[in-house]
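Note on naming: letters A, B, ... go to the chains in the order of the sequence lines (proteins, then strands), and numbering restarts at 1 for each one. The structure displayed is predicted, hence computed values, not measured ones.
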Amino acid sequence: MNTPLFEFLCRMGDNTLVLGHRVSEWCGVAPVLEEDIALANTALDLIGQTQLWLGMAGEVEGKGRDADKLAFHRDVWDFRNALLCEQPNGDFGQTMMRQFLFDTWHLIMLKALADSSNDQIAAIAEKSVKEVTYHQERSADTVIGLGDGTEESHMRMQRALDKLWPFVGELFIGDDVDDAMVEQGIAPDPAALRTRFDNQLDAALAEATLTKPADDFAHKGGKTGARHTEHLGHMLTQMQWLQRAYPDASW
Amino acid sequence: MYAQMIKSTGQGVKSLDEMEPDERAFQERINAGGKIEPKDWMPEGYRKNLIRQIGQHAHSEIVGQLPEGNWITRAPTLERKAILLAKVQDEAGHGLYLYCAAETLGVTRDDLTRDLLSGKMKYSSIFNYPTLTWADMGAVGWLVDGAAIMNQVPLQRTSYGPYARAMVRICKEESFHQRQGFDIMMKMANGTEAQRKMAQDALNRFWGPALMMFGPSDADSVHSAQSMAWKIKMNSNDELRQKFVDQTAPQAEYLGLTIPDKTCKLNAETGHYDFAQPDWDEFFDVLRGNGPCNTERLEARNKAWDDGRWVREGLLAHAAKKRSAKLAAE
Ligand SMILES: [Fe+2]
Ligand SMILES: [Fe+2]
Ligand SMILES: [Fe+2]
């Protein structure tokens, strides 16, 4: 049985790993050059954060697994990312909507973690806050710009929001792992972040002239690993292929 | 080098005495090592030639993202993935600096992009080759960025100010690119049997195309003579190619890899490496659009541009709305 702390660290690290991978799929084919640069930069930050979270998870576990071992040698059921992160890129609007929803949650979460009773977690969070503040500003601006752009861009952004909305709720559902984190003062109760998230979201969506779906139904199973979507397995076949095909090689 | 076969006026280089006063002053400034700035008078040929050259260089940075992007999602460690992302991000940044430099000459980035997408303007032949194994990420950094540096370092002294300044920024980053490539090659060349095989295979496939990056011999080219008089080309193609082989051959030896050219060895008399010319027929085929990846590369860029249209239009429309709202408020 894994310790709650290990589980929690995998959740943080798998979010950034899986989303970082998705964003990196945009390499070289963004709508404008500035976006190529910004997307690569976001992916780079997320992969850097992954190294810290999964590196710490490996230390906490104490079985000799490092960040690479965790990233490249676990199968789908051991991944702990939220389902939102593994959703396919779709068009640029869907990618940026996914990014905006995640960034907004991520930033609130990281700011809370900066006050963690665990110094190492607080330090990782503090470093990440700087990067994610920029990600969030950028994704919010893009969602606003495209929501309030042309008829077509508005339609595409609304469609993206409708499609991704069912994956938002999971970010705020707590379980035993979260309870243990709250008890030790390590991490906040996920549900307690919702009000701030909703306020920020509502403000941005209003500017973007987009409508939040009325139905709050939430898919779940990513952060617990109980049931990922079919997309994650395909991502891992790419991400892990070299490590799996040449297990004795070092790179 | 990222600019190949750039045409100039097609006429011979004029002597100072044959020039009108404006042109003569311009040429004397260049001869004295001075810089030409965007507002300065310049011959039409100089301007056109520079647009072609800088544009081709910029396009190469942009298309050059694709063969490396091909491996970002398959990078074998988090560290390698991060390094490759950082490198590709740099390349996109290089494209941006260079388009900005070209814009000072009176074209827009959109004009240049249109000419790239229609196939009217070229990008370096090297990016029409596929990246087939992880070792290719090593070979590209080591050989392709290595060859690019050979050309770009002297261009820091080129006569056109904005181009020279762009080159200074770019060169700072290129040496990191080459180092990370060589580092991948070291790991592979000293790794398992399969890794060594990948490394040798990558060198076999990229050696010739890397030599072609400098372009065919231009000893007798009127275009090159004019470009050199204008100091927008600093060395002949053969000179740079020789320098590249002299630098690279000992590195291959250090890696324990074999250059796919039996004649490539140090010539005690000249102090330089002898080497065989690459297959120039293949080079011209690639230039005509028949390289292994020409079709995919151009399709990928066209698709990105077409798919991105609604995004560009949406953001422009939003910016316009905000501007008029601000005006109305004033
Ligand atoms: Fe570059
Ligand atoms: Fe390059
Ligand atoms: Fe480079």
Inset, instruction - Identify which part of Gln243(A) has an atom lying under 4.5 Å from any heavy atom of chain B, answering side chain, backbone, both or neither. - result: side chain

Legend entry - Atom pair NZ (Lys81(B)) and CG (Asp68(A)), whose distance is rounded to the nearest 0.5 Å: 10.5 Å

Inset, instruction - Tell me, for Ile144(A) versus chain B, whether the close heavy atoms (under 4.5 Å) come from the side chain, the backbone, both or neither. - result: both

Legend entry - Distance-minimising heavy-atom pair for Ala30(A) and Ala304(B): O-CB, 4.1 Å

Inset, instruction - Return the option, out of Arg309(B), Lys322(B), Met186(B), Met198(B), with the maximum number of heavy-atom pairs under 4.5 Å with chain A. - result: Met198(B)

Inset, instruction - Measure the CG-CD distance between Leu78(B) and Gln49(A) for me, rounded to the nearest 0.5 Å. - result: 12.5 Å

Inset, instruction - Let me know if Ala86(B) has heavy atoms under 4.5 Å from chain A in its side chain, its backbone, both or neither. - result: both

Inset, instruction - Heavy-atom distances under 4.5 Å only: say whether Thr192(B) touches chain A with side chain, backbone, both or neither. - result: side chain

Inset, instruction - Could you tell me which of Trp26(A), Tyr246(A), Trp241(A) has the largest number of non-hydrogen atom pairs under 4.5 Å with chain B? - result: Tyr246(A)

Legend entry - chain B contact via Ala38(A) - which portion, at a heavy-atom distance below 4.5 Å: neither

Inset, instruction - With a 4.5 Å cut-off on heavy-atom pairs, point out which of Leu242(A), Val32(A), Asp141(A) contacts chain B the most. - result: Leu242(A)

Inset, instruction - Give, as side chain, backbone, both or neither, the part of Ala249(A) having an atom under 4.5 angstrom from any heavy atom of chain B. - result: both

Legend entry - From CG (Leu84(B)) to CD1 (Ile47(A)), nearest 0.5 Å: 11.5 Å

Legend entry - Proximity breakdown for Trp305(B) and chain A, heavy-atom pairs closer than 4.5 Å: side chain

Inset, instruction - Give the intermediate values and the outcome of side chain to side chain contact (heavy atoms under 4.5 Å, CB included) for residues Gln195(B) and Trp251(A). - result: CA-CA 9 Å; Gln195(B) 285 176 302; Trp251(A) 307 90; 3.4 Å; yes

Inset, instruction - Carefully, step by step, assess His318(B) and Leu146(A) under the rule side chain to side chain contact (heavy atoms under 4.5 Å, CB included). - result: CA-CA 7 Å; His318(B) 173 70; Leu146(A) 292 174; over 6 Å; no

Inset, instruction - Verify side chain to side chain contact (heavy atoms under 4.5 Å, CB included) between Val29(A) and Lys303(B), making sure each step is shown before the conclusion. - result: CA-CA 8 Å; Val29(A) 296; Lys303(B) 182 173 188 311; over 6 Å; no

Inset, instruction - Taking atom CD of Glu126(A) as the centre, report whether more than 12 heavy atoms of other residues, nucleotides or ligands fall under 6.0 Å from it. - result: no

Inset, instruction - Mind listing the closest non-hydrogen atom pair of Gly314(B) and Ser153(A) along with its distance? - result: CA-OG, 3.8 Å

Legend entry - Enclosure of Arg244(A) CZ (heavy-atom neighbours >12, cutoff 6.0 Å): yes

Legend entry - Separation of Thr73(B) OG1 from Arg22(A) CZ (nearest 0.5 Å): 10.5 Å

Legend entry - Contact origin within Leu66(B) toward chain A - heavy atom pairs under 4.5 Å: side chain

Inset, instruction - Identify the two heavy atoms, one from Ala75(B) and one from Phe72(A), that lie closest to each other, and give their separation to 0.1 Å. - result: O-CE2, 3.7 Å

Inset, instruction - Step through the shown structure and confirm whether more than 12 heavy atoms of other residues, nucleotides or ligands are within 6.0 Å of NZ on Lys127(A). - result: yes

Inset, instruction - Start with the C-alpha gap between Ile62(B) and Leu33(A), add the side-chain angles, then the distance that decides, and say whether side chain to side chain contact (heavy atoms under 4.5 Å, CB included) holds. - result: CA-CA 8 Å; Ile62(B) 301 311; Leu33(A) 192 45; 3.4 Å; yes

Legend entry - NZ (Lys212(A)) with more than 12 external heavy atoms under 6.0 Å: yes

Inset, instruction - Sort Arg156(A) into side chain, backbone, both or neither according to what part of it lies under 4.5 angstrom from a heavy atom of chain B. - result: side chain

Legend entry - Nearest-0.5 Å distance that lies between atom CG in Leu315(B) and atom CD in Glu34(A): 10.5 Å

Legend entry - Option that, when pairs with chain B are counted at under 4.5 Å, heavy atom only, ranks first among Asp45(A), Leu54(A), Asn41(A): Asn41(A)

Legend entry - For Cys27(A) against Gly69(B), the heavy-atom pair lying closest together: SG-CA, 3.6 Å

Legend entry - Arg109(B) portion near chain A, given a 4.5 angstrom heavy-atom threshold: side chain

Inset, instruction - Evaluate whether atom NE2 of His73(A) has more than 12 neighbouring non-hydrogen atoms of other residues, nucleotides or ligands under 6.0 angstrom away. - result: yes

Inset, instruction - Kindly say whether Pro31(A) contributes a backbone atom to a donor-acceptor pair with the side chain of Asp307(B) at under 3.5 angstrom? - result: no

Inset, instruction - Could you tell me which non-hydrogen atom of Leu85(B) sits nearest to which non-hydrogen atom of Ala40(A), and how far apart they are? - result: CD2-O, 4.2 Å

Legend entry - Contact summary for Arg74(B) and Gln238(A), nearest pair of heavy atoms: CG-O, 3.5 Å

Inset, instruction - Count the heavy-atom pairs under 4.5 Å between each of Asn190(B), Thr133(B), Thr77(B), Ile72(B) and chain A, then report the option with the highest count. - result: Thr77(B)

Legend entry - Validation row: Leu316(B), Thr150(A) side chains within 4.5 angstrom (heavy atoms): no

Legend entry - Close side-chain approach of Val311(B) and Asp91(A), heavy atoms under 4.5 Å: no

Legend entry - Rounded distance [0.5 Å steps], CD in Gln89(B) versus CG in Asp36(A): 10.0 Å

Legend entry - Residue part contacting chain B, namely of Met96(A), when any heavy atom lies under 4.5 Å: neither

